[in-house]
Amino acid sequence: MQVLYNTTKLHEIMMRSTRLLGIFLTTNPITNTVAFSPRLSAPTRTRLRSSRLFASEADSKYDYDFLVIGGGSGGVRASRIASSYGAKVALLESRLTHGMKPEYSAIGGTCVNVGCVPKKLMVFASRYPGEIAEMSGYGWKGATAGEFDWKVFLENKNKEITRLNNVYNNFILKNAGVQVTEATGKLSGPNSVTIHETSTGKTSELTAKHILIAVGGWPFKPNIPGIEHAITSNEIFYLEEQPKRMVVVGGGFIALEFASIMDGLGTDVTLMYRGDLFLRGFDGDMRTHLREEMERNSNIDLKFNAYPVEIKKQDDGSLIVVDQDGNEIECDAVLCATGRKGKIEGLNLESAGVKTEGSFIPVDEYSRTNVPSIYAVGDVTNRIALTPVALMEGHRLADTLFGGKDRPVDHEYVASTVFTTPEIGTVGYTEEEAAAKFGDIDVYKNRFRAMKHSFPQSETYSLFKLIVESKTQRVVGCHVATDGAGEMVQGVAIAIKMGATKEDFDNTIGIHPTSAEELVTMRTASYFYRNGVKVEKLE
């Protein structure tokens, strides 16, 4: 069993006594907490394994040990883990069931309500026409995609999101002992929050030893005439009808994913991006490969170095997008995927002296703000805006505050996927980043037609790429563009995070016939970098 004492003096005394008493000591860098455990017999350790580590102090001074504002991925995870350690935890979320404006999101956060989950369902739906188009090559005659029913899809999607809202509220959080309140919260001091209940309008104040801000982000729209006619990644999940023509503005993964989705569902899509090539920050070869695949295998009209300066609504309800050169594109919907900002409006951060950078809250490696009692995780911190990252940040914060562990965040070798068609799966450093960081790297890559597509003679290609640091031969980057790249790279990410070398990859026997075996069969480097300079061959 572990007991916690909040005193530095006790730590000093116990350190002098550890040999005589046979006690293990650890010090938590955030809470200045000392955790000690006597040497127990194996049966005793087993019997006490489920004991809670944290002894709640809420009754003595504060209403709660931990008060979380925001029920998204990071907030839910942090509150659940904190409660499992014995902390008294409250979580505030403005809505417990999903729906339209003004919130759009609900318990579960952006990911569950207007992000990862409904988007992935749309990705699945959008890929069936491509699958069916190849069926004739496999001997199936007369197969057609049929007609997509937008309303049926949305009805089923809404049922699924409602189910997940219920799972989060009535199972995950309730079973963990977290007190969930349908309310918004704003700071009124370093240890106090004013809450406004959604259903009743009642206002009250709660105090907590630790406060976590996990409110997430919100889509950003450029300030141009007619921008009120544009939608974002919030509204697209609640459109009553599928747009026949859509302009997607942006070049990040959200813009690319929705362009690919809507194209697959039969909408005429124009992608407008102000730069030379989309997916800035991703590996250069992957960016180029995706552009080529979109140009060859989709009906998306790619317009680079173009951006809207005005959106005009016509009498029939259709829209006209005017670009910087005066060109006009007529459409039925404009989706702005031009970035996201932190959702800090109304939090009254200044009351507690919490510093901000723009719309985001800067934090240290323990997710602590400049105010010692206030923390922030997830998209509002502008670190890596991905659901699993928010989960990691929230979990590690709870471990540190209430679990007696020293667990700073870890943002190196985070795997991710762009759910376009084809998918891009990536983990580690891009070629450009690796060359700048390590200087000497070996690059392995191969472009080929996967068996599934070569048999029906589809012009669909895959690209596989490994980045290896020359000195240690550690694989520091893996980038894949192919069907199911996300599923594939998740497994590879474990090896790369553990420090696998190119020899480890080479010693792994491939699964045949698969595209994934390419990762363990690329034997000869395609080219090299030495002192950061690209070299085709080594002398």
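Sequence positions, counted from 1, serve as the residue numbers for this chain. Treat the numbers as computed from the prediction; the structure is a model and nothing was measured. Atom set for the values below is all heavy atoms of this structure, side chains included, hydrogens, waters and symmetry mates excluded.
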From [X] atom [atom1] to [Y] atom [atom2], the distance as rounded to the nearest 0.5 Å:
X    : Y    : atom1 : atom2 : answer
H98  : S105 : NE2   : OG    : 11.0 Å
E328 : I320 : CD    : CD1   : 5.0 Å
I195 : L92  : CD1   : CG    : 6.0 Å
L212 : S373 : CG    : OG    : 11.5 Å
K186 : E350 : NZ    : CD    : 9.5 Å
T430 : K465 : OG1   : NZ    : 7.5 Å

Before giving the answer on side-chain contact (heavy atoms from CB on, under 4.5 Å), spell out for Y429 and I467 the whole-Å C-alpha distance, their side-chain angles and the decisive distance to 0.1 Å.
CA-CA 8 Å; Y429 295 89; I467 314 295; 5.7 Å; no
[X] side chain near [Y] side chain, heavy-atom distance below 4.5 Å:
X    : Y    : value
V76  : L173 : yes
H210 : L397 : no
I254 : R340 : yes
N166 : F171 : yes
F66  : L91  : no
F278 : L290 : yes
I227 : I311 : yes

Derivation and outcome, salt bridge (charged side-chain N to carboxylate O under 4.0 Å, His left out), residues K313 and E228:
CA-CA 10 Å; K313 189 170 185 177; E228 68 272 13; over 6 Å; no
Knowing that exactly one of Q242, K244, R245 qualifies, which makes a side-chain hydrogen bond (donor to acceptor under 3.5 Å, both in side chains) with T267?
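Answer to the side-chain hydrogen bond (donor to acceptor under 3.5 Å, both in side chains) test with T267 among Q242, K244, R245: Q242.
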Please determine which of K452, E134, R449 meets the side-chain hydrogen bond (donor to acceptor under 3.5 Å, both in side chains) test together with S458.
E134
Does the [X] side chain pair with the main chain of [Y], one donor and one acceptor, at a distance under 3.5 Å?
X    : Y    : value
N113 : Y104 : no
S126 : V123 : yes
T381 : V377 : no
H289 : Y461 : yes
R287 : L277 : yes

Where [X] and [Y] come nearest, the two heavy atoms and their spacing:
X    : Y    : answer
T417 : G486 : OG1-CA, 3.1 Å
G185 : V193 : CA-CG1, 3.9 Å
S260 : T421 : OG-N, 3.1 Å
T194 : T203 : CG2-CG2, 3.5 Å
I300 : A259 : CD1-O, 3.6 Å
M488 : V480 : SD-CG1, 4.1 Å

Evaluate E432 against D283 for side-chain contact (heavy atoms from CB on, under 4.5 Å), listing each step before the verdict.
CA-CA 7 Å; E432 297 80 7; D283 185 87; 3.9 Å; yes
Determine whether R274 and T338 satisfy the following criterion, side-chain hydrogen bond (donor to acceptor under 3.5 Å, both in side chains), listing intermediate values before the conclusion.
CA-CA 10 Å; R274 65 170 55 243; T338 47; over 6 Å; no
Under 3.5 Å side-chain donor-acceptor pair for [X] and [Y]:
X    : Y    : result
T387 : R77  : no
T198 : R95  : no
T232 : E235 : yes
S462 : T482 : yes

With side-chain contact (heavy atoms from CB on, under 4.5 Å) as the criterion, how do E357 and N382 come out once you've worked through the C-alpha distance, each side chain's angles and the decisive distance to 0.1 Å?
CA-CA 9 Å; E357 292 179 358; N382 199 28; over 6 Å; no
Charged N to carboxylate O below 4.0 Å: is that the case for [X] and [Y]?
X    : Y    : answer
K151 : E155 : no
E365 : R396 : no
K157 : E160 : no

Step by step, work out the side-chain contact (heavy atoms from CB on, under 4.5 Å) result for M122 and F258.
CA-CA 9 Å; M122 294 181 83; F258 277 113; 4.3 Å; yes
Member of D268, L335, V269 meeting the side-chain contact (heavy atoms from CB on, under 4.5 Å) criterion with M262
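So the option named by the test is V269.
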Could you walk me through whether Y366 and Y375 pass the ring pair (Phe, Tyr, Trp, His ring centres under 6.0 Å) test, one step at a time?
CA-CA 8 Å; Y366 292 97; Y375 303 81; 9.3 Å; no
Is the positively charged end of K119 above the ring of F237, judged by distance under 6.0 angstrom from the centroid and angle within 45° of the axis?
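Ring-cation test returns no.
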